[in-house]
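Worth knowing before you read on, the calculation uses all heavy atoms, side chains too, and leaves out hydrogens, waters and symmetry mates.
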Amino acid sequence: MSVYLILLAVPLLCAAILGIRLYIRHAVEKRITQYQNDLTQKHCEEVDNLYRQTRGWRHDIKNHLQTMQAYLEMGQTEQLERYLHDLTTDYNQVDIALKTGNTMVDAILNSKLSLLKTRDIQVDATALVPSSLPFSDVDLCVMIGNLLDNSLEACLKIPAEERFVRFYMSRAKDNLYLYVMNSTNGCYRREPGRYRSTKSAADHGYGLLRIDQVVRKYHGYQDRQDEGNVFATEILLPLSHNVSIPSP
């Protein structure tokens, strides 16, 4: 009788374990999907905010010119110099500095770089990509957004004078190459073959998971490295052979 019960219990136990695994996988995928939706909404709001600022600045340009003309005619050069300084600072925060050749990448990249600059982070960015890409615009923008969000969070943990982000994206032979480097406080969570998020347990580090998912989805390559107070991520995504990079 006991042997019969054991034989009966084994498949039931296996089925229960399989059910638990499927439930956990479904729960994780659901959380990641929700995270992606929330992040996409956040990116859209950032892009909308950037273009609102840009449109507002352009709308006010006539008033700015009239004000500067008045200062000049009255010989108030100090006031004019101060006004120009404030105007330049304001413009630098909304300027769409990078034109990569891809509209979607332009939108997300410039909104993120604008946000970095408002947080006293030194930014050095170069990007030039094919106008047509063999991967989803959403996947690419989510990956770029996560990379720069992680850089922002790392920089905010250190003094303003130490903050920097380097971003480079271009075609490298038959691949799209992305490289992001940022300053950090030197605290990392490592596991064999991977890094873990340093966020609280409630945040779970879904950004790293989404980046990993996109790289795997398109059979790409990814490498994360740290050296002291600097962290870098390198990504290669295969391109089809019929795309071309526009001239600068």
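Side-chain contact between L178 and Y168 is absent, with no heavy atoms from C-beta onward closer than 4.5 Å. Between N229 and N185, the closest side-chain pair of non-hydrogen atoms is not below 4.5 Å. Contact annotation: the side chain of V215 approaches that of I235 to within less than 4.5 Å [non-hydrogen atoms, C-beta and beyond]. Side-chain atoms of L109 and L148, non-hydrogen and from C-beta on, do get closer than 4.5 Å to each other. Y179 has its side chain out of reach of F167: every pair of non-hydrogen atoms, C-beta onward, lies at least 4.5 Å apart. Annotation: side chain of I144 is in contact with side chain of M169 (closest heavy-atom distance under 4.5 Å). Side-chain contact between R163 and L156 is present, with at least one heavy-atom pair separated by less than 4.5 Å. Side chains of N150 and I211 form a contact here, defined as non-hydrogen atoms less than 4.5 Å apart.
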Residue pair L176, L140: steps toward the side-chain contact (heavy atoms from CB on, under 4.5 Å) verdict: CA-CA 11 Å; L176 181 66; L140 183 59; 4.1 Å; yes
R224/D212 under salt bridge (Lys or Arg N to Asp or Glu O under 4.0 Å): CA gap, chis, key distance, verdict: CA-CA 11 Å; R224 296 184 176 109; D212 294 344; 3.0 Å; yes
Stepwise side-chain contact (heavy atoms from CB on, under 4.5 Å) check, R210 with V214: CA-CA 6 Å; R210 284 297 295 126; V214 173; 4.1 Å; yes
Verdict with supporting geometry, L152 and N182, side-chain contact (heavy atoms from CB on, under 4.5 Å): CA-CA 8 Å; L152 171 62; N182 59 267; over 6 Å; no
D226 vs T184, side-chain contact (heavy atoms from CB on, under 4.5 Å): CA-CA, chis, key distance, verdict: CA-CA 9 Å; D226 68 87; T184 74; over 6 Å; no
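Between the CD atom in E81 and the OG1 atom in T77 there is a gap of 7.5 Å [rounded to 0.5 Å]. Of the inter-residue distances, the one linking L128 atom CG with S170 atom OG reads 5.5 Å to the nearest 0.5 angstrom. To the nearest 0.5 Å, the span separating CE on M143 from CD on Q213 amounts to 12.5 Å. Separation of atoms CG (L208) and CG (N146) is listed at 8.0 Å; rounding is to 0.5 Å.
Atom CD of Q76 has more than 12 neighbouring heavy atoms from other residues, nucleotides or ligands inside a 6.0 Å radius. The number of heavy-atom neighbours closer than 6.0 Å to CD of E161, taken from other residues, nucleotides and ligands shown, is above 12.
Among residues at least two apart or in separate chains, there is no salt bridge (charged side-chain N to carboxylate O under 4.0 Å, His left out) pair with a member in residues 118-135.
Across all non-hydrogen atoms, the minimal contact from Y218 to S136 is OH-N, 3.1 Å. Across all their heavy atoms, H219 and P238 have their closest contact at O-CG, 3.5 Å. Of all heavy-atom pairs between G220 and L237, the closest is CA-CD2, 4.2 Å. Summarising the geometry of P134 relative to L239, their closest heavy-atom pair is CD-CD2, 3.6 Å, with the distance given to 0.1 Å. Between F164 and V230 the shortest heavy-atom distance is CZ-CG2, 4.0 Å.
A donor-acceptor pair is defined here as one N or O able to donate and one able to accept, closer than 3.5 Å; no such pair exists between the side chain of R166 and the backbone of V180. Remark: side-chain polar atoms of R171 are not paired, donor with acceptor, to backbone N or O of Y177 under 3.5 angstrom. One N or O on the side chain of S183 and one on the backbone of E162 form a donor-acceptor pair closer than 3.5 Å.
Checking Q79 against R82 by side-chain atom types alone, no donor-acceptor pair falls below 3.5 Å. No hydrogens or angles considered: a donor-acceptor pair under 3.5 Å links the side chains of T100 and D106. With hydrogens and angles left out, the side-chain atoms of N175 and Y221 include no donor and acceptor closer than 3.5 Å.
L116 and I158 end up in different hydrophobic clusters when Ile, Leu, Val, Met, Phe, Trp and Tyr side chains are linked at under 4.5 Å.
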